[in-house]
Number of protein chains: 2
Amino acid sequence: MPSAISLLGVPRGEDDRPQYLALRDQIASAIDLGKLSPGARLPSERQLQTDTGTARGTIREALFQLEAEGLIYRRDRSGWYVSPPPVTYDPTRWAGFMTYVVEQQRVPATETLSIESVAAPSAVADIFRRAPGTPMHCVTRRRSIDGRAVLIERIMVDPVLAPGLAEHDLNGSLTQILSTHYGLQAVRNRVDMRPCALTTSVAEMLGVKPGTPGLLVVRTSFAENGAVVEYDHEYWRHDAIRVHVDLQVRP
Amino acid sequence: MPSAISLLGVPRGEDDRPQYLALRDQIASAIDLGKLSPGARLPSERQLQTDTGTARGTIREALFQLEAEGLIYRRDRSGWYVSPPPVTYDPTRWAGFMTYVVEQQRVPATETLSIESVAAPSAVADIFRRAPGTPMHCVTRRRSIDGRAVLIERIMVDPVLAPGLAEHDLNGSLTQILSTHYGLQAVRNRVDMRPCALTTSVAEMLGVKPGTPGLLVVRTSFAENGAVVEYDHEYWRHDAIRVHVDLQVRP
DNA sequence: TAGTGGTCTAGACCACAGA
DNA sequence: CTGTGGTCTAGACCACTAG
């Protein structure tokens with residue numbers, strides 16, 4: 001029973017820590033101590049409400065905090081769950097998603113949501129060095145780890161380089177297909193990353209609330225002749241990924 | 001006037017978009033259109049309340065959303081402001097903070113907050129390959145861009161390799177000092193990145209609310225003989241940084 | 001259908017920034 | 001000092017998940 005000295009306004013214990021942070025600490029330490037394992041479900045907000053005697057809004061603030069830290073996540077209208085550990089992504093390695101997830105003893109899965117031909121917006125056209133409006137393959141896929149959807153990717157491929165791409169099974173490694181069937185080999189990779197919030201369309205596909213924190217990874221692969229092989233936007237749940245780069249000075 | 005069809009619960013316009021997202025869109029487009037420039041201050045929450053006729057909680061939800069997207073930020077108890085553009089950080093380049101910020105036509109600044117000797121916790125000791133409890137230099141610095149604090153860094157350096165480090169002016173490039181005065185040259189860099197939430201202590205130093213979204217960058221620099229030259233944690237405001245990596249396949 | 005999170009209201013007081 | 005954001009309360013109804 002945390003000192004109920006007064007009953008209005010913001011009384012607060014002697015410690016000066018807001019209630020929602022205090023609750024955050026309680027839950028965080030429960031996770032640290034293993035009382036709540038990855039994947040475990042937290043008590044419902046209303047349960048916490050009666051347990052702690054604080055308003056639901058305050059409860060939710062603590063939960064949002066933990067979500068921002070990547071410790072918990074929510075399944076829409078189902079509940080709050082403890083986040084599994086993140087996978088490590090290394091842009092200097094050429095291994096694709098399926099490969100590095102398996103290497104980390106996790107189970108990857110890919111689902112192709114759509115494959116369509118779209119007119120290249122000018123930003124995309126620039127990258128492919130083609131005229132705006134040129135048709136492009138646009139593949140949308142959802143990828144999961146241990147059954148939990150962790151990213152949505154939208155890949156643009158030039159149909160001139162990969163005609164009939166749609167005929168292939170795209171639920172595996174796209175890089176593999178481009179290499180095997182079209183002789184397209186990347187020799188250079190450009191990667192951009194930045195924290196973002198997941199916008200409505202992506203959020204829906206991941207089954208999360210719009211505005212959930214995320215990480216945007218933009219990959220551009222170039223062939224030997226400088227042609228763009230793949231132009232890829234990956235929208236990750238922020239708690240699912242960690243980036244690792246190891247670099248040597250070349251003498 | 002967005003259709004006041006009913007007066008209780010959540011009526012919502014025909015579009016099915018929650019009010020807080022609608023407000024988010026309004027503000028976001030005002031920023032896009034340049035009606036609000038980087039650094040500009042938004043109307044106060046209570047002003048928006050009377051302007052839009054919605055409850056303050058709803059207003060704040062929209063603002064949090066925009067903050068998570070990196071479009072706006074807050075100065076504690078002062079107001080909400082439009083975020084300046086992020087700087088690009090390239091871990092494959094050896095240029096330090098001062099250098100790459102200037103290259104991007106921005107004004108960098110460094111402030112040393114503390115320099116002390118601490119006993120290495122076991123995790124740190126492992127990295128330096130020394131016994132736990134071995135004394136280490138620990139430098140805490142705050143770095144700013146155009147006058148806005150964007151990151152806190154905590155650097156650990158082995159005092160055996162850099163005796164008397166505290167005597168130097170640490171408000172410039174530490175890498176430079178280690179190289180010039182101690183002959184410590186990094187030949188390998190290991191970088192880890194992950195989205196996080198800024199914890200209380202860091203948040204205070206940055207003057208932001210605890211839980212504000214951030215990006216943690218951990219750098220480990222190795223000398224030719226494998227010794228660890230610098231072990232550095234950088235806590236960035238998430239809206240201030242973008243990471244860029246460009247990689248070639250070596251034939 | 002019961003229970004969950006999602007959205008929203010309309011208040012209140014507190015701590016601090018800034019003039 | 002005034003005004004700002006920060007924290008908190010105690011309700012309400014909605015939209016969805018899951019049994």
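The chains referred to below are lettered A, B, ... by the order of the sequence lines, with proteins before strands, and numbering in each begins at 1.
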Nearest-nucleotide 5' precedence on DNA chain D, R77(A) against A55(A): A55(A)
Along DNA chain D (nearest heavy atom to each residue), the more 5'-positioned of E61(A) and R41(B): R41(B)
Rounded to whole Å, how long is the line connecting atom [atom1] of [X] with atom [atom2] of [N]?
| X | N | atom1 | atom2 | value |
| --- | --- | --- | --- | --- |
| L23(A) | dT9(D) | CG | P | 11 Å |
| I59(A) | dG5(C) | CD1 | P | 11 Å |
| E204(B) | dC16(C) | CD | P | 10 Å |
| R17(A) | dC8(D) | CZ | C1' | 17 Å |
| R56(A) | dG5(C) | CZ | C1' | 6 Å |
| K209(B) | dA17(C) | NZ | P | 16 Å |
| Q19(A) | dG6(D) | CD | C1' | 13 Å |
| L48(B) | dA10(C) | CG | P | 16 Å |

Gap separating the CZ atom of F64(A) from the CZ atom of R74(A), nearest 0.5 angstrom: 5.0 Å
Rounded distance [0.5 Å steps], CD in Q49(A) versus CZ in R60(A): 11.0 Å
Does [X] put a side-chain nitrogen or oxygen below 4.0 Å from OP1 or OP2 of [N]?
| X | N | answer |
| --- | --- | --- |
| S78(A) | dT4(C) | no |
| T54(B) | dC8(C) | no |
| R74(A) | dG6(C) | yes |
| Y20(A) | dT7(D) | yes |
| Q49(A) | dA10(D) | no |
| R60(A) | dG5(C) | no |
| S44(B) | dT4(D) | yes |
| Q47(A) | dT4(C) | no |
| T58(B) | dT7(C) | no |

Check: S173(B) side chain, Q176(B) main-chain N or O, donor-acceptor pair, under 3.5 Å: yes
Check: R142(B) side chain, M205(B) main-chain N or O, donor-acceptor pair, under 3.5 Å: yes
Derivation and outcome, side chain to side chain contact (heavy atoms under 4.5 Å, CB included), residues M156(B) and V118(B): CA-CA 9 Å; M156(B) 305 284 251; V118(B) 302; 4.0 Å; yes
Counterpart base for dG11(D), defined by Watson-Crick or G-U wobble contacts under 3.5 Å: dC8(C)
Y235(B) and H233(B) aromatic ring geometry - parallel, tilted or perpendicular at 30°/60° bounds: parallel
Touch class at under 4.0 angstrom, heavy-atom based, for R75(B) against every strand present: nothing
hbond_proxy R46(A) side chain to dG5(C) base (donor-acceptor, 3.5 Å cutoff): yes
